[in-house]
Visitor: 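Questions regarding the structure given below will be posed in turn.
Each residue takes its place number in the sequence, starting with 1.
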Amino acid sequence: MRILVLSDSHSALSFMRDCIRFYKPNAVVHLGDYFEDGKVMAEEFSSICFYQVPGNCDRYREVMGAPETLVTKVCGVKLFMTHGHLHGVKCGLSRLAVDARSTAAQAVLFGHTHEAYCECDQNGFWIVNPGSCGYYGGSAAVISVDNGKISDCRIVRQSDMQELF
């Protein structure tokens, strides 16, 4: 199974569409900035499960009832999803990692910094920031899941989808 992780789209929808069409994920996670972009994609690709949280730029928009942090199983893997601004991710990841590990999540997914990051520790815990799908040519993360475990995670860019263009 495949999970596509997107963040910080800021109304740039074309890269999001390209990623969904190219990678054909079983689920999509959108980590905010702009929450509405995830809703648009969920409507366009209604056969795919979508999960999303709002970002710091979404506080000025109508995002009633959307949790700032979502911890749930996606494709059989427990994920801790948040935009990152409430965990101070621009100053380090330790607070975020502690909160995520306390939920027994297999991975923490966050955005906010617009800088792609994907690391796995010796215990198999993943820390993933897909970067920004709306800036710098676009980036995203693709998580592969096998038998309820993350088997691979990688950052992808528009150049990785050359056959689309």
Visitor: Considering only residues two or more places apart or on different chains, which pairs with a residue in residues 123-135 satisfy salt bridge (Lys or Arg N to Asp or Glu O under 4.0 Å)?
Guide: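 For residues 123-135: none.
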
Visitor: Is there a side-chain contact between Y23 and D160, using heavy atoms and a 4.5 Å cut-off?
Guide: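 SC-SC contact between Y23 and D160 confirmed.
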
Visitor: How close do W126 and C153 get, heavy atom to heavy atom, and via which atoms?
Guide: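 Scanning both residues, the minimum pair turns out to be CZ3-CB, 3.4 Å.
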
Visitor: Mind checking what makes salt bridge (Lys or Arg N to Asp or Glu O under 4.0 Å) contact with E115, not counting sequence neighbours?
Guide: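 For E115 there are no salt bridge (Lys or Arg N to Asp or Glu O under 4.0 Å) partners, ignoring immediate neighbours.
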
Visitor: Taking the six-membered ring for Trp, are H87 and F80 parallel (under 30°), tilted (30 to 60°) or perpendicular (over 60°)?
Guide: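 Answer is perpendicular, since the angle exceeds 60°.
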
Visitor: Would you indicate whether the side-chain heavy atoms of F15 and M161 approach each other to under 4.5 Å?
Guide: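 M161 reaches F15 side chain to side chain.
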
Visitor: With rounding to the nearest 0.5 angstrom, report the CZ to CZ distance, F45 to R21.
Guide: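 Interatomic distance, F45 CZ to R21 CZ, rounded to 0.5 Å: 4.5 Å.
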
Visitor: Provide the closest heavy-atom pair for I127 versus F110 in the form atom of the first, atom of the second, distance.
Guide: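 Looking at all heavy atoms of both residues, the shortest contact is CG2-CE2, 3.7 Å.
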
Visitor: Roughly how far apart are H83 NE2 and D33 CG, rounded to 0.5 Å?
Guide: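 Here the interatomic distance stands at 3.5 Å.
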
Visitor: Considering non-hydrogen atoms only, spot the tightest contact between A140 and L6 and give its length.
Guide: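 Answer, listing the atom of A140 first, then L6: CB-CD2, 3.6 Å.
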
Visitor: How would you list all residue pairs meeting salt bridge (Lys or Arg N to Asp or Glu O under 4.0 Å) that involve residues 93-114, not counting sequence neighbours?
Guide: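 As it turns out, the salt bridge (Lys or Arg N to Asp or Glu O under 4.0 Å) pairs with a partner in residues 93-114, which skip direct neighbours, are R101-D121.
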
Visitor: How about N123: does its CG atom have over 12 heavy atoms from other parts shown lying under 6.0 Å from it?
Guide: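 Counting other residues, nucleotides and ligands, CG of N123 exceeds 12 neighbours.
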
Visitor: Is there a chain of hydrophobic side chains (I, L, V, M, F, W, Y, each step under 4.5 Å between heavy atoms) that links I3 to V156?
Guide: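 No.
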
Visitor: Has S7 got a side-chain atom pairing as donor or acceptor with P130's backbone, closer than 3.5 angstrom?
Guide: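 No, the answer is negative, given that no donor and acceptor are paired below the 3.5 Å cut-off.
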
Visitor: Tell me which one of N129, V53, L31, V74 satisfies side chain to side chain contact (heavy atoms under 4.5 Å, CB included) with L109.
Guide: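 Testing L109 for a side chain to side chain contact (heavy atoms under 4.5 Å, CB included) against N129, V53, L31, V74 leaves exactly one candidate, L31.
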
Visitor: From C118 SG over to I155 CD1, what is the distance, rounded to the nearest 0.5 angstrom?
Guide: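 Taking SG in C118 and CD1 in I155, the distance rounds to 5.0 Å.
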
Visitor: Going by the side chain to side chain contact (heavy atoms under 4.5 Å, CB included) test, name the single residue among V128, V71, T72 that passes it with M81.
Guide: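 So, applying the side chain to side chain contact (heavy atoms under 4.5 Å, CB included) to M81 and each of V128, V71, T72, only T72 qualifies.
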
Visitor: Answer yes or no: is there a donor N or O on one side and an acceptor on the other, between the side chain of T82 and the main chain of E68, under 3.5 Å?
Guide: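 At least one qualifying donor-acceptor pair exists.
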
Visitor: Under a single-linkage definition using a 4.5 Å side-chain heavy-atom cutoff for Ile, Leu, Val, Met, Phe, Trp and Tyr, are V29 and I20 assigned to the same hydrophobic cluster?
Guide: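 Per the 4.5 Å side-chain linkage, V29 and I20 are not co-clustered.
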
Visitor: What is the minimum heavy-atom distance between N26 and M1, and which atoms define it?
Guide: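 Result for this residue pair: OD1-CA, 3.2 Å.
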
Visitor: Without swapping roles, check the side chain of S144 against the backbone of S151 for a donor-acceptor pair under 3.5 Å.
Guide: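 Absent.
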
Visitor: Determine, using the 4.5 Å side-chain heavy-atom cutoff (strictly less than), whether M41 and F22 are members of one ILVMFWY cluster.
Guide: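 Same hydrophobic cluster.
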
Visitor: Considering all heavy atoms of both residues, which atom of C133 and which atom of M16 are nearest to each other, and what is their separation?
Guide: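 The pair with the smallest heavy-atom distance is SG-CG, 3.6 Å.
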
Visitor: Could you name each residue pair satisfying salt bridge (Lys or Arg N to Asp or Glu O under 4.0 Å) that touches residues 123-151, not counting sequence neighbours?
Guide: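 Every pair satisfying salt bridge (Lys or Arg N to Asp or Glu O under 4.0 Å) with a residue in residues 123-151: there are none.
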
Visitor: If you compare all heavy atoms of Y34 against all heavy atoms of S11, which two are closest, and at what distance to 0.1 Å?
Guide: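 Smallest interatomic distance, heavy atoms only, reads CD1-OG, 3.2 Å.
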
Visitor: Could you list the residues that satisfy side-chain hydrogen bond (donor to acceptor under 3.5 Å, both in side chains) with S9, not counting sequence neighbours?
Guide: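 Partners of S9 under the side-chain hydrogen bond (donor to acceptor under 3.5 Å, both in side chains) test: H30, D37.
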
Visitor: Are Y117 and L93 side-chain neighbours, meaning at least one heavy-atom pair lies under 4.5 Å?
Guide: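 SC-SC contact between Y117 and L93 confirmed.
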
Visitor: Going hydrophobic residue to hydrophobic residue with side-chain gaps under 4.5 angstrom, can you get from F125 over to I150?
Guide: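 Not linked; separate clusters.
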
Visitor: Rounded to the nearest 0.5 Å, what's the gap from CG on L4 to CD1 on I48? Could you check?
Guide: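 It comes to 8.5 Å.
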
Visitor: Can you list every pair that meets salt bridge (Lys or Arg N to Asp or Glu O under 4.0 Å) and has a residue in residues 69-93, with sequence neighbours left out?
Guide: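 Output for this query is empty, none listed.
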
